[in-house]
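Here's the structure we're looking at; comments come further down.
Order of appearance sets the numbers: ligands from 1, and atoms from 1 within every ligand.
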Amino acid sequence: MKEIFPDIPTIKFEGPDTKNPLAFRYYDANRKVGGKTMAEHLRFSMAFWHSMNGGGADPFGTTTAVRPWDSITDPMELARTKMRAMFELTTKLTIPYFCFHDRDVAPDGETLREANKNLDEIVGEIKTLMKDYPTRLLWGTARLFFHPRYMNGAATSPDPSVFAYAAGQVKKAIEVTKDLGGLNYVFWGGREGYETMLNTDMKRELDNMGFFLQMARDYKKEIGFNGQLLIEPKPMEPTKHQYDSDTGAIWGFLQEYGLLDDLKLNIETNHATLAGHTIQHELHFARVKGILGSVDANQGDTLLGWDTDQFPTDLYVTTSMMYEILLNGGLHSGGLNFDAKLRRPSYTVEDLAQAHIVGMDAFARGLVAAQAIIDDGELPEFIAERYRGYESGIGGKIAGRSVSFKDLEEWALDRKIDRPASGRQEYLESLINRFL
Ligand code: XUL
Ligand code: CO
């Protein structure tokens with residue numbers, strides 16, 4: 001088969017001193033870290049919508065990207081070429097997975113039936129490509145935010161015909177994900193929120209969204225799709241407010257609608273920062289609640305207040321992420337999906353390859369550092385020691401829930417209770433720096 005990216009070789013590990021821009025400096029797939037290989041820990045994935053469809057357009061300017069398929073005008077031929085390009089590029093980058101929205105990979109139609117027909121054709125193409133290439137599907141999803149019908153959301157639309165269309169679209173997307181051996185299915189509520197409270201019946205919208213997800217759960221079981229359902233938090237953008245604003249909000253939502261056993265979270269770095277949290281906060285919360293499923297790996301810009309979806313390069317951040325992921329026992333069926341796009345002036349195919357390489361290297365370093373922090377043990381032990389008071393004495397009784405307000409008042413009345421031990425934040429920050 002003729003290569004689509006003849007100038008991109010298969011990327012190899014060459015070590016930190018290499019000057020080759022198309023080589024890994026730290027990601028060494030077979031290197032063992034804490035008993036598992038880097039490849040087993042990191043489970044990288046390419047986001048079809050950014051890496052194949054993204055061209056650098058923004059609200060102020062058109063696309064800048066130069067791609068081998070720029071001269072193709074027939075929509076189905078273009079879709080097939082980009083799919084083949086994705087399989088070739090993921091294989092050359094040794095990225096084992098990809099993710100897609102239904103409408104990323106095949107043209108939409110006048111009706112749902114017509115759109116499904118286009119999708120089926122590309123699904124056939126994907127199955128053929130899976131015979132020739134090792135790339136597999138991490139997750140599928142439905143694009144429920146692009147077409148004008150979804151201007152007020154999908155499951156939270158005031159218009160029941162939009163709710164019905166969205167249900168049909170998601171039904172098909174789950175079937176396709178199953179058919180392609182997808183490991184997970186993602187819900188990101190692109191416009192499931194509101195622009196203004198002046199026209200919004202929030203209770204109805206939340207109840208409808210809960211019912212929509214219950215139907216998805218039931219249908220998944222009905223057709224025997226064994227993948228994990230995931231829901232992706234984001235607080236805003238494109239709408240003013242999105243109901244799935246952060247892990248805490250989703251945790252409450254899943255409980256109310258009886259979905260806590262059926263859905264886990266797909267947590268994205270830049271969405272966490274938009275919500276005013278660190279990604280470590282979001283991963284940690286999901287981990288301790290048992291709902292950490294997968295990660296959309298990217299990073300934002302501290303000076304820009306929107307979802308810049310940059311490729312992840314910040315080693316402090318990747319270390320904190322891998323620390324939480326290791327403590328979670330890994331991501332199981334999830335992975336690290338590069339939901340990230342090139343900056344507009346980085347328009348070449350080589351930029352596209354390098355962006356994935358730097359992201360993979362950044363997570364490889366984060367993994368090594370996080371494993372070293374865990375092996376060293378001082379940080380986890382500091383936290384354990386900080387709460388040790390709850391193991392005996394009055395703390396033991398509080399932990400055993402065997403005391404009342406009256407008992408505690410009696411215990412405290414005549415004691416001099418002063419400040420607890422120092423939190424030692426600065427020292428702990430220096431400890432982390434030792435491993436970077
Ligand atoms: C948007 C976003 C989506 C989801 C999938 O900010 O992250 O691409 O990951 O719909
Ligand atoms: Co995402």
Side-chain angles (χ1 to χ4, degrees), residues 43-55 57-59 86 97-105 108 137-147 150 153-156 166 169-170 172-174 176-177 182-193 209 212-213 216 227-247 250 263-275 277 279 282-283 286 292-301 304-312 317 321 331 334-342 356 359:
R43 302 167 61 79
F44 292 119
S45 160
M46 183 180 282
F48 191 94
W49 55 99
H50 284 310
S51 295
M52 293 299 128
N53 289 347
D58 70 15
M86 200 268 323
Y97 296 108
F98 75 109
C99 298
F100 73 101
H101 302 79
D102 49 3
R103 303 292 175 261
D104 300 339
V105 297
D108 206 343
L137 179 59
L138 185 67
W139 49 261
T141 187
R143 197 169 73 182
L144 301 179
F145 45 87
F146 191 84
H147 190 280
Y150 292 128
T156 64
Q169 190 177 334
V170 168
K172 177 70 178 176
I174 295 175
V176 160
T177 301
L183 301 181
N184 308 272
Y185 181 88
V186 163
F187 295 91
W188 170 61
R191 295 182 195 272
E192 309 292 28
M209 195 163 87
F212 193 95
L213 290 171
Q228 175 67 50
L229 297 181
L230 300 170
I231 183 164
E232 179 173 329
K234 185 175 184 181
M236 63 188 84
E237 197 208 20
T239 53
K240 173 187 170 67
H241 175 85
Q242 283 167 215
Y243 297 129
D244 308 325
S245 52
D246 64 6
T247 51
I250 293 185
L263 279 101
K264 288 194 163 120
L265 273 73
N266 182 42
I267 302 180
E268 177 163 326
T269 321
N270 206 165
H271 296 181
T273 45
L274 281 179
H277 304 306
I279 180 65
E282 291 291 86
L283 295 175
L292 174 51
S294 198
V295 170
D296 270 5
N298 60 17
Q299 68 187 25
D301 183 305
L304 300 178
W306 64 91
D307 195 14
T308 59
D309 280 346
Q310 288 163 234
F311 274 85
V317 174
M321 293 173 77
L331 287 171
L336 296 174
N337 173 48
F338 290 118
D339 192 353
K341 62 185 177 208
L342 295 170
H356 289 87

Could you tell me whether [X] and ligand 1 have an N or O pair separated by under 3.5 Å?
X: W188; result: no
X: E232; result: yes
X: T141; result: no
X: H101; result: yes

Open item on the list: Quick check: of its N, O or S atoms, which one does D296 have closest to the Co ion (ligand 2)?
Closed with: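 This residue's closest N, O or S atom turns out to be OD2.
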TODO: Could you pull out the atom name of the N/O/S atom in E268 that is nearest the Co ion (ligand 2)?
DONE: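 Restricting E268 to its N, O and S atoms, the minimum distance to the Co ion (ligand 2) goes to OE1.
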Open item on the list: Is it the case that the side chain of R191 and the backbone of P238 share a donor-acceptor pair, with hydrogens and angles ignored and the cut-off at 3.5 Å?
Closed with: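 No, R191 side chain to P238 backbone: no donor-acceptor pair under 3.5 Å.
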Task: Main-chain N/O of L230 paired with N266 side-chain donor or acceptor, under 3.5 Å - done: no
Does ligand 1 have a heavy atom under 4.0 Å from the side chain of [X], from its backbone, from both, or from neither?
X: V186; result: neither
X: D307; result: side chain
X: H271; result: side chain
X: R143; result: neither

Open item on the list: Within rounding of 10°, what is the angle whose vertex is the Co ion (ligand 2) and whose arms end at OE2 of E232 and OD2 of D339?
Closed with: 170°
Open item on the list: Check for me whether the distance between the ring centres of F338 and H356 falls short of 6.0 Å.
Closed with: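 Here the rings of H356 and F338 have centres that are less than 6.0 Å from each other.
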TODO: Please check if any side-chain donor atom of D246 sits under 3.5 Å from a side-chain acceptor atom of H277, or the reverse.
DONE: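 Short answer, yes.
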Task: the Co ion (ligand 2) to nearest N/O/S of D309 less than 2.8 Å - done: no
